[in-house]
Asks: 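The structure that follows is given in the form of structure tokens.
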Amino acid sequence: MTARRRLSPDERRKELLDVGAHLFAAKPYDDVLMEDVAERAGISRALLYRYFPNKSALFAAIYRQAADRLLDGTPIDPAESLLEQLSAGLDVHFDYFAANRHTVLAANRVLAGDPAIQTIINDELAELSRRVLDATGLEGPARDTVSAVLTSWLVFVRALCVDWLTNEAFSRAELHDMSVGALLGALGAVTDVDRFLGAEG
């Protein structure tokens, strides 16, 4: 165990999240032990459990923090091309998924039935969809229709990413192209996709 340092509760919690995030990214979920986190942070297991009652609670807090950071990194500007912004947003998410393969697979496979994890995933998808819809200015039935398309597309992209991380049957470039192509195809069935996404040219 490393030397223990005096930190405020907020500082200690942040450190534990950082340590945990590193370990969950480096190893499969089942291989990460709470005692590993405590040792790496230089604290006792008893103190660790005061902040997080179990491993799933620690992981959920880490995943919530990651989701919040991804949302911060993918703002939508109504004045810019939605297609370009969505394409850039995909790259932000793909960067995180590639760097945190074990974490993403844990959330989407090992803990797929965990209500806390599902809430985090659903909240992120809902916020991403809301941002795009707000940028379009759509209202009424048109907004509802496009909302259904966006929600389904985001679920599709997440499933595709999990397959990419698990099987590596296609490249990251192909992943990107499939994701964009799926969106264009789905939206093209219900709206003027060039006007909607600023995809002229």
Asks: Could you check whether any side-chain N or O of N108 sits under 3.5 Å from a backbone N or O of V104, counting only pairs where one atom can act as donor and the other as acceptor?
Replies: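 Pair found, side chain donor or acceptor close to backbone of V104.
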Asks: Parallel under 30°, tilted from 30 to 60°, perpendicular over 60°: which one fits the rings of Y29 and F24?
Replies: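 Parallel, since the angle between the ring planes stays under 30°.
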Asks: Could you tell me whether the side chain of W164 and the main chain of E174 form a donor-acceptor pair under 3.5 Å?
Replies: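 Not at all, since once roles are kept as given, no pair shorter than 3.5 Å links the two residues.
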Asks: Any donor-acceptor pair under 3.5 Å linking the side chain of D36 with the backbone of V32?
Replies: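 No: the side chain of D36 does not pair with the backbone of V32.
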Asks: According to side-chain hydrogen bond (donor to acceptor under 3.5 Å, both in side chains), who are the partners of H93, at least two apart in sequence or on a separate chain?
Replies: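 Counting only residues at least two positions away or on another chain, H93 forms a side-chain hydrogen bond (donor to acceptor under 3.5 Å, both in side chains) with E124.
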Asks: Do the charged groups of D134 and R130 touch, with an N to O distance under 4.0 Å?
Replies: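 Salt bridge: yes.
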Asks: Keeping the roles fixed (side chain from S87, backbone from L83), state whether a donor-acceptor pair exists under 3.5 Å.
Replies: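 A pair under 3.5 Å: no.
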Asks: Donor-acceptor check, side chain of N167 to backbone of A169, threshold 3.5 angstrom: yes or no?
Replies: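 Checked: no pair found.
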Asks: Using the rule that Ile, Leu, Val, Met, Phe, Trp and Tyr join whenever any side-chain heavy atoms are under 4.5 Å apart, tell me whether L48 and L33 fall into a single cluster.
Replies: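 No, L48 does not connect to L33 through the hydrophobic network.
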Asks: With sequence neighbours excluded, give me every salt bridge (Lys or Arg N to Asp or Glu O under 4.0 Å) pair touching residues 51-66.
Replies: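 Passing the test, one end in residues 51-66: R64-D123.
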Asks: For the pair R131 (side chain) and T74 (backbone), establish whether a donor and an acceptor sit closer than 3.5 Å, ignoring hydrogens and angles.
Replies: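 Yes, because the side chain of R131 sits within donor-acceptor range (under 3.5 Å) of the backbone of T74.
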Asks: Taking Q118 for the side chain and P115 for the main chain, is one N or O donor matched with an acceptor at less than 3.5 Å?
Replies: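 Checked: no pair found.
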Asks: Give every residue pair that meets the ring pair (Phe, Tyr, Trp, His ring centres under 6.0 Å) criterion with at least one member in residues 111-151, sequence neighbours excluded.
Replies: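 Matches after skipping sequence neighbours: none remain.
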Asks: Salt bridge or not between K14 and D18? Use side-chain N to carboxylate O under 4.0 Å.
Replies: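 Counted as a salt bridge, because a side-chain N and a carboxylate O are separated by less than 4.0 Å.
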